[in-house]
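The block underneath contains the structure these notes are about, expressed in structure tokens.
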Amino acid sequence: ILKLQFLYLIGLDMFARILCLAVGRVAFDGFDTERVHHRVAFGSCANQNMTTRVWDAVVDYEPEAWYWLGDAVYVRSFSERDVLHAAYSKQRYETGYAVVADQVDVVDGTWDDHDLGVNDGGAEVPWMRGRQEEFLEFIGKAQVPRRAARDGVYSAHKICNDAACGQSVGLVFLDTRTHKALPASGYNVGAIRLPLFGLAGSLARAATAALGWFAQGTILGDVQWEWLEELLRKHRDDVDAWLIVSSIQVNTSIPLFESWGHHPEEKRRLLRALNGSKSVLFISGDVHFSEIGAHEITTSGITHSCETQFALPLCSPVLKHFTQHRRAEGEYYAGLSFLGADLAFPEDEVRFTVRGVDNTAALSYTLPLGRPTIFEAHAAAPQFRVAEIAALLSLACAVACAAVALLWRGLRRAWGGGACKRKQD
């Protein structure tokens, strides 16, 4: 009887493990890889249909690894898988990125909404598994074979300065899309396939923040949270710094963009998990400009930035007005850029530079190694200010009204010109 009970328990355990794998709950076994790098580069927001000099700058920088922060391709919302596949193929083989990918030893990273093919998309997006497979195929799934079994593209890597791994950083790529809940409004306005609805989604986020409405659902999902918290518990002191990559910003006072601030309970849990860890720095993309914030560097805009988009009238006022989260008011850059990191650890520090199309530093940041990071109790609270949001919405409405007026004027002229022509005939 005892033998039968023992065999039964073994069989039950094996069944549970198989079931966990089937739903993406892989057993925790530490860092996915251990790599030796001295110089790496990060970037986000690269439209495969646009040319850019940033790829030439990355080649000149000569990184050993390229790490995506999200938005490696752009397709129309809810495009079919073959459209997404074609976009990834074009980016990999027909743009300046092809030279970068062939030059570096490692390509890795995480995804964002446009990699899914749905603006501001999250858990509500259909056939997520197929989208994940396309992304992993694009970055090279052989780099982290066990990631393919996960329900999400998250991963963790130990980056060493030499073969003996005398000094190291933990590089963690979070997946902020696969399980992300809908916004507080309960509807993803930005995903609607009509002109200006991306801007409408941003204004909806700002309005709900002004009303104090925040999303109650998750960003990472239960399994990824369990994986991250276990990683930090077991390896908190095994590295000299933690670089946490989140495609969306963690610490920002700008309410227009998706961020952890719109999910305050999730942000509180993230900071609590990292509190006390050595030299924590968040690295993010998504917003089409670069800046240095509180424990965070954002770099965004390989092919297009807010300086080059139709949102230009809002770009400068927003960046100049919402400064609460920055280390210094003027530490932002609205041009095309990527992020370089010196991991040779000169003087026991990591040196970061946001670099423009000419490969010169536009912003710089130094992260000392081995210093415990303490997040204040109020750090997880939403940083959005109602008065500032009201001013922003007023400005946005003024810009929108001016655009509508210009459009109407153009239509009237076109109609009037046609009428006069018909009268003359």
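Both backbone and side-chain heavy atoms feed into the values below; hydrogens, waters and symmetry mates do not.
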**Carboxylate-amine/guanidinium proximity below 4.0 Å for E349 and R351** = yes
**Prompt:** Do D32 side-chain atoms and V144 backbone N/O form a donor-acceptor pair below 3.5 Å?
**Reply:** no
**Request:** Output all residues satisfying salt bridge (charged side-chain N to carboxylate O under 4.0 Å, His left out) with D113, sequence neighbours left out; order by chain, then residue number.
**Result:** none
**Asked** Hey, is the main chain of N251 close enough, under 3.5 Å, to the side chain of H295 for a donor-acceptor pair?
**Response** no
**Carboxylate-amine/guanidinium contact R39 E62, below 4.0 Å** = no
**Prompt:** Got a salt bridge between E329 and K320, using NZ or NE/NH1/NH2 to carboxylate O under 4.0 Å?
**Reply:** no
**Message:** Between the side chains of D115 and R131, is the shortest nitrogen-to-carboxylate-oxygen separation below 4.0 Å, so that they form an ion pair?
**Reply:** no
**Asked** With the threshold set at 4.0 Å, does a side-chain nitrogen-carboxylate oxygen contact exist between D238 and K278?
**Response** no
**Residues F322, F257; criterion ring-ring contact (aromatic ring centres under 6.0 Å, His included); working and verdict** = CA-CA 12 Å; F322 292 93; F257 309 114; 9.3 Å; no
**Salt bridge R150-D175, side-chain N to carboxylate O under 4.0 Å** = no
**Request:** Output all residues satisfying salt bridge (charged side-chain N to carboxylate O under 4.0 Å, His left out) with D162, sequence neighbours left out; order by chain, then residue number.
**Result:** none
**Complete:** Sequence neighbours excluded, the answer for side-chain hydrogen bond (donor to acceptor under 3.5 Å, both in side chains) partners of W225 is E266
